[in-house]
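Encoded as structure tokens, the structure appears first; notes follow it.
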Amino acid sequence: MNTIDKFNEHIMHTYGRYPLVMEKGEDRCCTDENGKQYIDFGSGIGVNSLGYCDDKWVEAVCAQVKSVQHTSNYYYTRVQADFAEELCGITGYSKIFFGNSGAEANECAIKIARKYSFDKYGKGRHNIITLVNSFHGRTLATLSATGQEVFHNYFFPFVEGFINVEANNIDDLKAKLDDTVCAVMMEYVQGEGGVIALDKAFVDAVYELCGAKDVLVIADEVQTGVGRTGKFLAGENYGKSADITTLAKGLAGGIPIGACLTNEKCGDVLVPGTHGSTFGGNPIACAGGLAVLERVGSDGFLDDVRVKGDYIKSRLEACGEVESVTGMGLMIGVKLKTKTAGDVSREAFENGLLLLTAKEKVRLLPPLTITREEIDRGLDILIKILEK
Ligand SMILES: *Cc1c(COP(=O)(O)O)cnc(C)c1O
């Protein structure tokens with residue numbers, strides 16, 4: 001039986017997959033089992049931040065596999081300590097909890113916010129404001145947090161205590177930020193919601209209103225974090241640092257990881273017995289993460305992400321079929337005039353270019369290490385399709 005038949009036979013049908021059986025990746029390209037090459041403008045899905053099989057990353061990960069691959073969190077590993085120290089250093093946060101995915105990092109943030117408030121103010125202050133069109137994950141709590149009605153089906157009852165506010169609507173925020181609220185959770189650039197950056201005035205208002213009421217700000221930087229927007233954290237583009245920031249996708253360069261980072265204010269909320277994870281802080285993931293931080297933190301790397309993002313944006317804006325280009329850095333949404341994102345993505349696939357979509361837009365999340373030459377090769381394919 002071939003690979004796709006085996007999937008159909010044994011794997012739950014939860015994804016609309018393209019008929020690509022990936023065999024090997026190198027730099028920003030991958031090859032399927034028939035030897036056909038694709039340029040990857042999606043990094044998997046925002047994950048392969050250094051592209052495929054980066055030399056130093058491979059070296060770090062393999063060295064770790066050969067020493068300790070896992071130990072229980074009842075013990076310590078040096079690599080988890082080193083990674084936490086580096087991640088705190090680069091972000092300015094003081095404490096981290098490691099999990100294995102974005103949804104788990106957000107679950108942790110939700111638990112911290114509720115317990116922070118319970119410890120200080122007692123019961124009844126458990127609501128969390130999230131934004132319309134947000135995306136926070138697929139577990140029951142993070143689905144409940146996700147501000148899109150299409151996700152609130154089938155799995156009743158959902159987790160209580162999430163209130164949706166319209167993104168960029170300060171009046172709506174003011175009206176709903178009452179004494180039952182312990183946190184506001186948001187993506188600075190909504191990813192799945194269509195690659196839409198929040199207005200600076202709205203972000204300012206969130207911080208001002210939350211600061212005045214001791215309501216925590218949670219930044220879901222699962223997609224925007226780790227250099228994606230041209231700063232290590234997207235919050236830096238707004239001059240803001242949330243009380244809690246969650247990271248995942250690109251953090252370990254392709255190995256499952258999630259991280260919930262807190263400032264001094266809520267670093268001691270979770271105590272023994274209140275949270276945990278078998279795999280969280282896995283040594284291999286931490287070794288991969290260290291290799292990512294070393295590269296993303298190197299001189300000029302993030303400037304280069306911004307320059308490459310601006311270049312892609314300018315080439316796309318010059319294309320007649322393009323209505324608008326949104327996003328920041330190498331997180332880019334492309335609204336089209338007449339074609340659908342799905343059709344363009346399928347045609348690109350046939351022509352050896354992997355794209356993502358978000359709502360009605362084509363979405364680009366290329367590896368942060370992509371070269372100008374690879375960008376041009378991918379854009380030539382994309383623009384040719386758009387201009388047909
Ligand atoms: C992808 C994503 C998640 C969910 O991450 P998983 O690793 O799939 O659980 C949560 N929030 C945002 C903003 C994301 O983009």
Side-chain angles (χ1 to χ4, degrees), residues 12 14-17 42-49 97-113 128-148 150-152 155 159 162 164 167 183-198 203 217-229 233-235 237-238 242 244-261 277 279-282 285 288-289 292 326-333 356-359 361 363-366 368:
M12 291 186 199
T14 56
Y15 305 99
R17 298 180 201 265
S43 308
I45 182 154
V47 169
N48 293 335
S49 41
F97 179 87
F98 286 119
N100 311 286
S101 66
E104 276 179 78
N106 287 337
E107 289 272 345
C108 181
I110 292 163
K111 285 177 73 173
I112 291 173
I128 296 178
I129 289 181
T130 60
L131 303 183
V132 173
N133 266 333
S134 57
F135 181 79
H136 298 298
R138 295 284 190 165
T139 62
L140 266 174
T142 57
L143 263 190
S144 307
T146 292
Q148 301 186 50
V150 290
F151 287 100
H152 299 163
F155 310 114
V159 176
F162 294 96
N164 295 150
V184 173
M185 179 162 161
M186 63 191 183
E187 304 153 86
Y188 290 107
V189 185
Q190 294 191 324
E192 306 303 313
V195 197
I196 301 166
L198 295 179
V203 172
V217 178
I218 302 171
D220 178 347
E221 295 230 30
V222 168
Q223 190 164 150
T224 56
V226 199
R228 176 56 56 194
T229 68
L233 295 178
N237 296 304
Y238 294 86
I244 305 174
T245 284
T246 57
L247 299 173
K249 290 193 164 82
L251 183 56
I255 298 178
I257 193 167
C260 179
L261 292 76
S277 163
F279 286 111
N282 171 272
V292 169
T326 58
M328 284 181 182
L330 286 173
M331 180 171 182
I332 296 168
L356 299 165
T357 61
K359 288 263 158 74
K361 289 181 187 170
R363 175 172 45 152
L364 313 183
L365 299 171
L368 306 179

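Both counts, for ligands and for their atoms, begin at 1 and track the order of listing.
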Exercise check, heavy-atom protein proximity under 4.0 Å to atom 8 (O) of ligand 1: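 No, no protein heavy atom sits under 4.0 Å from atom 8 (O) of ligand 1.
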A student checking ligand 1 against N106 at a 4.0 Å heavy-atom cut-off should list atoms 10 (C), 11 (N)
With heavy-atom distances below 4.0 Å as the criterion, list the atoms of ligand 1 near S101.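 Those qualifying, in numeric order: 7 (O), 9 (O).
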With heavy-atom distances below 4.5 Å as the criterion, would you say the side chains of [X] and [Y] are in contact?
X	Y	answer
M186	T130	no
N133	K359	yes
S43	R228	yes
D220	S134	no
L364	L330	no
Q223	R363	yes

Check: [X] N/O within less than 3.5 Å of ligand 1 N/O:
X	answer
V222	no
E187	no
A103	yes

Look at atom 1 (C) of ligand 1 and find which of Q223, K249, H136 reaches it with the closest heavy atom. K249
At what distance is the nearest protein heavy atom to atom 11 (N) of ligand 1, and which residue and atom is it? D220 OD2, 2.8 Å
Considering heavy atoms of the protein only, find what lies nearest to atom 5 (O) of ligand 1 and give residue, atom and distance to 0.1 Å.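 I find the closest protein heavy atom is G102 CA, 3.3 Å.
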Below a 4.0 angstrom heavy-atom separation, can you tell me which part of I45, side chain or backbone, both or neither, approaches ligand 1? neither
Parallel, tilted or perpendicular: which fits the ring planes of F135 and F151, with parallel below 30° and perpendicular above 60°?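 Because their plane-to-plane angle lies in the 30° to 60° range, the rings of F135 and F151 count as tilted.
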